[in-house]
Amino acid sequence: MVDTLVIGAGTAGCVVAARASADPRHTVRVVEAGPVWASAAQFPPQLRDATRLPLDDAAPWLWRYPVALTEERPGSIVRGRVAGGSGTINGCYFVRPPAADFTAWSQVAPGWSTDEVLPHFRELEHDYDYGDQPGHGNAGPVPVRRTTTPAPLTEQFLQACTAAGFTELADLNALPADSAASGAGLVPCNVGPVAGDGFRARVATAQSYLLPALSRPNLTVTGGTTVSTIRFRGGRAIGADCVRDGVPETVWADRVVVCAGAIESAALLLRSGIGPPEQLRALGIPVVQAAPVGRWCTDHPEIGIEYRHRAQLDRTVALESVLELGDIEIRPYTVAFAPDTRHLGIALMRPHASGTLRLRSADPLASPIIEYRYLANAVDRTRLHEAAEVAGRLLDRMGAEPVGDIPDRDAAGAEHADGWLLRLLGTSQHLSGTCRMGVSGDPRAVVDERCRVHGVPGLSVADLSIVPVPLGRGPQATTVMLAERAATFLRG
C-alpha cells in the first residue's frame with residue numbers, strides 16, 4: 001500500500017510524482033507504460049536532442065492511434081510512450097496561453113483565472129531571457145530559452161511579418177497576455193543551451209522533475225507497466241490492476257492520480273467503468289460511475305502548405321518563431337518534412353467544432369475511436385481560409401514558391417476551396433478535454449475544479465485531458481502548470 005499511485009510518468013505525471021514525494025512521510029508509486037531511465041545520459045540520443053523529432057515509424061517510445069480528422073479524412077497521431085511522455089518527443093514549444101483562455105476556464109471551473117495560475121507558471125520556470133521581468137520565474141526546474149541565432153528561414157519569415165505590418169513580440173510569454181494580440185516573435189522552448197555543434201538538450205519534465213527525485217526512498221517508479229483498470233471498494237478508488245513483463249500485479253493506494261494523457265487517461269477511466277453507461281454496457285464493462293468521459297474534446301486543426309525556399313536549414317528546434325493572429329498561429333517549421341521542401345503550418349487555436357473519444361473494446365491494448373470532426377463548423381473553415389491568404393502573402397514576401405496554388409475562396413468558390421482545406425488538413429496533436437473539468441452538475445464535467453473525479457472518492461485526473469476550453473497556444477506549458485497546481489491540491 002502506498003499513499004499515492006500516479007498512473008503515467010508523462011509531462012504531468014513527472015511533476016505530480018516529484019511534488020508529492022517531496023514530503024518524506026508520503027509514499028508515491030509511479031507506473032509508466034513506456035521505458036524509464038535513471039539518468040538523462042541513459043535516454044537514447046534521439047530523445048535527448050531537441051533538434052530532432054524522434055518520430056520514426058519503428059520508434060519504440062511512441063503510442064500510435066488512427067483517428068478520423070473528418071468523416072472523409074482519416075489520419076494518425078502519436079504520443080510519447082516514455083518517461084516524460086509527449087514532452088520527450090515533441091518540438092519543445094513552451095508558450096503560455098493568453099489570459100482570455102483562463103478567463104473562459106474559470107467561468108467553467110472557478111479558481112483557474114490568470115491571477116490564480118500565474119504563481120504556478122512562475123514557480124515552474126527558469127526563463128533565461130526574461131526571468132527578472134514581471135510574471136516570470138528564474139529559479140524553477142524548467143529551463144526556458146529563445147534562440148539567439150535564428151536560422152536564415154526564421155529571419156526571413158520575421159522580416160516578412162514586419163514588412164506586412166505585424167508587430168514584433170519580443171516575449172510571447174509576457175504579461176499581459178492579450179488574447180487579441182497579433183504579432184510575430186521567437187518561440188520560448190524548454191531546452192538547454194546551444195552546444196558547439198548546434199546540439200540542444202530536450203529538457204522534458206522527466207529530466208527537470210522526475211530524475212532529480214529518483215533517489216528519494218519514498219518514491220518508486222516502474223516502467224514497462226500497462227494499467228488495465230482502476231480498483232474500487234465501496235465506490236472509492238483503492239489502486240490499479242497492472243501488467244509488467246507479462247506478470248499481473250495490483251498496486252494498492254490510498255489515492256490514485258491518473259496522468260496518462262488525454263487519450264489514455266480517458267480510455268483507462270472508461271475501461272474501469274467510469275463513463276457513459278450505454279457505451280460501457282455495450283462493451284460488457286460494469287458501470288461504476290456515470291460520467292461524460294470522451295463526450296467532448298478539442299485539438300488544433302492545422303493546414304500544412306509545402307513550399308520551396310533557397311534558405312538552408314540549420315540544426316535547430318523544429319519551430320523557432322510564430323505569427324500570432326488571435327485564434328490563428330502561423331508556423332514556419334525549421335525541420336524538413338519532405339525532401340527539398342519546407343512546411344508552413346496554419347493552426348486554428350480555438351476551433352468551434354469539437355470531437356469525441358470512445359472505446360473500441362475493453363482491451364487495454366486496443367486503440368480507442370477518436371473522431372475530431374474538423375471543418376464541421378463554417379466559421380472554422382472561413383478562419384483557415386483567411387489565414388491561408390495571409391500565409392500566401394508572407395510566402396510571397398519571402399520569395400518562396402508554394403507547391404500548388406492557394407485558392408482564392410471568393411474566386412474559386414467555397415466548394416473548391418474547402419476541398420483544398422480537406423486535402424491539406426492535419427492536426428497539431430494537442431488533444432485535450434476528454435475528461436473535462438467543471439463544477440458539479442455540469443453535464444460535460446468529469447472532474448471538479450480540484451481535479452477530483454466527480455462521484456469517485458480517492459480518484460483524480462491531472463493532465464491535458466481535464467482542460468475544459470480550447471487553448472490559444474500549444475499545451476506543454478499549461479500541462480506543467482496544471483500538474484503543479486494539482487500537486488498543491490493533493491498536498492492540501
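Please read these numbers as outputs of a predicted model, since none were measured by experiment. Note: hydrogens, waters and symmetry copies are ignored here, and every other heavy atom, side chains too, is used.
- Annotation: ring pair (Phe, Tyr, Trp, His ring centres under 6.0 Å) contacts of F337 (sequence neighbours excluded): Y333, H343.
- A donor-acceptor pair shorter than 3.5 Å cannot be found between the side chains of S460 and R452.
- Within the structure, ring-ring contact (aromatic ring centres under 6.0 Å, His included) contacts touching residues 16-59 (residues at least two apart or in different chains) are W37-F43.
- Listed by first then second residue, pairs satisfying salt bridge (charged side-chain N to carboxylate O under 4.0 Å, His left out) with a partner in residues 269-295 read E278-R295, not counting sequence neighbours.
- We find that D442 and R436 are joined by a salt bridge, their nearest charged nitrogen and carboxylate oxygen being less than 4.0 Å apart.
- With sequence neighbours left out, H126 forms a ring pair (Phe, Tyr, Trp, His ring centres under 6.0 Å) with Y128.
- With 3.5 Å as the limit, one finds a donor-acceptor pair spanning the side chains of S428 and R331.
- If you check the side chains of S228 and D241, you find no donor sitting under 3.5 Å from an acceptor.
- In this view, Y372 and Y374 satisfy the ring pair (Phe, Tyr, Trp, His ring centres under 6.0 Å) rule, not counting sequence neighbours.
- The closest side-chain donor-acceptor pair between D363 and S361, if any, does not fall under 3.5 angstrom.
- Sorted by first and then second residue, the side chain to side chain donor-acceptor pair (under 3.5 Å) pairs involving residues 57-67 (not counting sequence neighbours) are Y65-E264.
- A donor-acceptor pair shorter than 3.5 Å cannot be found between the side chains of N218 and S21.
- With contacts defined as side-chain heavy-atom distances shorter than 4.5 Å, the pair T225/D245 does not qualify.
- Checked by atom type, the side-chain pair Q476/T479 shows no donor-acceptor distance below 3.5 Å.
- Looking only at distances, no side-chain donor or acceptor of E329 sits under 3.5 Å from a matching main-chain atom of R473.
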